[in-house]
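This report refers to the structure that appears directly beneath it.
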Amino acid sequence: MTGTVIIAGLGPGAAEKVTPEVAAALDQATDVVGYIPYVARVTPRPGLTLHPSDNRVELDRATHALEMAAQGARVVVVSSGDPGVFAMASAVFEALEARPDLAHVPVTVLPGITAMLAAAAAAGAPLGHDFCAINLSDNLKPFALVERRLRLAAEADFAMAFYNPRSKSRPHQFARVLEILRECCDPARLITFARAVSTPEQHLRTVALAEATEDMADMRTVVLVGNSATRRIGPYIYTPRSA
């Protein structure tokens with residue numbers, strides 16, 4: 001009997017931001033697969049096996065989930081935020097493409113609240129008009145491509161959301177990102193650093209681009225860059241819908 005693979009987003013951090021649909025899938029799962037800190041967010045219970053793994057083995061993790069489902073398991077592959085945004089949904093389909101013998105396994109993707117959207121809501125509405133999301137990590141693509149996409153997005157006057165802006169292994173790349181933004185944007189452009197959104201450690205800071213420094217971001221930070229019309233109204237940041 002074939003089981004199922006459900007790819008689920010756990011939201012940005014707070015338990016109340018896990019959707020009822022995802023909570024129900026976890027209640028029915030026999031196995032949960034994912035990156036170590038995300039699996040740690042799932043409450044253990046009898047009949048549920050947790051399979052935490054390292055951050056750079058996405059395809060192995062996805063293949064393992066499909067293989068277990070082919071043997072009858074009800075597997076939930078967890079990501080933070082939404083699984084289709086720089087997360088495990090794409091990895092599962094990539095693994096499925098490489099394994100035609102597993103094509104009979106049913107796969108369902110359940111959406112979640114992204115860190116980008118949670119951060120924008122906490123700030124106001126900085127992504128209120130056209131925007132794009134860019135993963136600044138070069139683990140799966142060359143940094144030259146990151147730079148090209150960043151420059152084109154800035155020149156097109158998109159608001160932007162940056163994932164994975166700065167890590168211990170990439171401590172200086174975000175400084176280059178700020179350089180490119182300063183080449184393309186007005187120094188008064190608003191930039192919001194949203195750290196640990198929806199958790200007790202949540203901290204938001206909005207500054208002008210001219211005042212932004214690389215040490216304002218880390219791997220728990222989502223960076224939101226407004227477009228040329230983004231502005232403050234009291235404590236809020238918003239981008240007009242006509243921008």
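All heavy atoms count here, side chains included; hydrogens, waters and symmetry mates do not.
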Should the heavy atoms of other residues, nucleotides or ligands under 6.0 Å from CZ of R149 be counted, would the total exceed 12?
no

Is a side-chain N or O of R99 found less than 3.5 angstrom from the main chain of E67, in a donor-acceptor match?
no

### Message
What I want to check is whether the side chains of S228 and D157 have a donor and an acceptor closer together than 3.5 Å.
### Response
yes

- request: Compute whether any side-chain donor of one residue and acceptor of the other, for T4 and R74, lie under 3.5 angstrom apart.
  value: no

Next on the checklist: Between V225 and T192, does the side-chain contact (heavy atoms from CB on, under 4.5 Å) criterion hold? Intermediate values first, please.
Outcome noted: CA-CA 6 Å; V225 182; T192 298; over 6 Å; no

What one should report as the nearest heavy-atom pair of L204 and A119 is CD2-O, 4.2 Å

Point to revise | Any side-chain donor near an acceptor of the partner, N227 and H129, under 3.5 Å | key: no

* Donor-acceptor pair, R45 side chain versus D27 backbone, under 3.5 Å? -> yes

Under 3.5 Å: donor-acceptor pair, side chain of R182, backbone of P187 = no

- Message: Please check: side-chain N/O of R61 versus main-chain N/O of D54, any donor-acceptor pairing under 3.5 Å?
- Response: yes

| message | If only side-chain N and O atoms count, and only distance matters, is there a donor-acceptor pair under 3.5 Å linking D60 with T63? | response | no

Steps toward ring-ring contact (aromatic ring centres under 6.0 Å, His included) verdict (F86, Y163) = CA-CA 8 Å; F86 308 127; Y163 280 73; 5.2 Å; yes

Do any N or O atoms from the side chain of S79 and from the backbone of G9 form a donor-acceptor pair under 3.5 angstrom?
no

Nearest heavy-atom approach of L66 to V92 is CD1-O, 4.0 Å

### Query
In terms of hydrophobic clustering (I, L, V, M, F, W, Y; side-chain heavy atoms under 4.5 Å; direct or indirect links), are I134 and M216 co-clustered?
yes

Q.
I'd like to know if L127 and F193 are part of one continuous hydrophobic network [Ile/Leu/Val/Met/Phe/Trp/Tyr, side-chain heavy atoms within less than 4.5 Å].
A. no

Original post:
When you look at R176 and E147, which way does the salt bridge (charged side-chain N to carboxylate O under 4.0 Å, His left out) test go after all the steps?
Top reply: CA-CA 8 Å; R176 176 59 184 154; E147 292 186 353; 3.3 Å; yes

- request: With side-chain contact (heavy atoms from CB on, under 4.5 Å) as the test, would you mind laying out the steps for L152 and F158 before giving the verdict?
  value: CA-CA 9 Å; L152 291 172; F158 281 105; over 6 Å; no

task: Could you verify whether a donor N or O on one side chain and an acceptor N or O on the other, from E201 and T199, lie under 3.5 Å apart?
output: yes

Of all heavy-atom pairs linking L136 and N164, the shortest is CB-O, 3.6 Å

Backbone N or O of F93 within a donor-acceptor pair of the E97 side chain at under 3.5 Å? no

| message | Is it the case that over 12 heavy atoms from other parts of the model lie below 6.0 angstrom from the CZ atom of R205? | response | no

* Asked: In terms of heavy-atom contacts, does CG of L145 have more than 12 from other residues, nucleotides or ligands at under 6.0 Å?
  -> yes

Just wondering, more than 12 heavy atoms not from F143 lying within 6.0 Å of its CZ? yes

V75 vs I6, side-chain contact (heavy atoms from CB on, under 4.5 Å): CA-CA, chis, key distance, verdict: CA-CA 6 Å; V75 185; I6 294 177; over 6 Å; no

### Query
V5 and T108: side-chain contact (heavy atoms from CB on, under 4.5 Å), yes or no, with the steps?
CA-CA 6 Å; V5 170; T108 302; over 6 Å; no

Should the heavy atoms of other residues, nucleotides or ligands under 6.0 Å from NE2 of H172 be counted, would the total exceed 12? no

Practice task
Answer with yes or no whether the hydrophobic clustering places V105 together with V76; edges join I, L, V, M, F, W, Y residues whose side-chain heavy atoms lie under 4.5 Å apart.
Solution key: no

Donor-acceptor pair, distance only, cut-off 3.5 Å: does the side chain of R166 make one with the backbone of M219? no

Flag for S137-N135: side-chain donor and acceptor within less than 3.5 Å = no

> Should L117 and V222 be regarded as members of a common hydrophobic cluster, given that ILVMFWY residues are connected when their side-chain heavy atoms come within less than 4.5 Å of each other, either directly or indirectly?
Replying inline: yes

Would the distance check show the side chain of Y38 and the main-chain N or O of V77 forming a donor-acceptor pair, the cut-off being under 3.5 Å? no

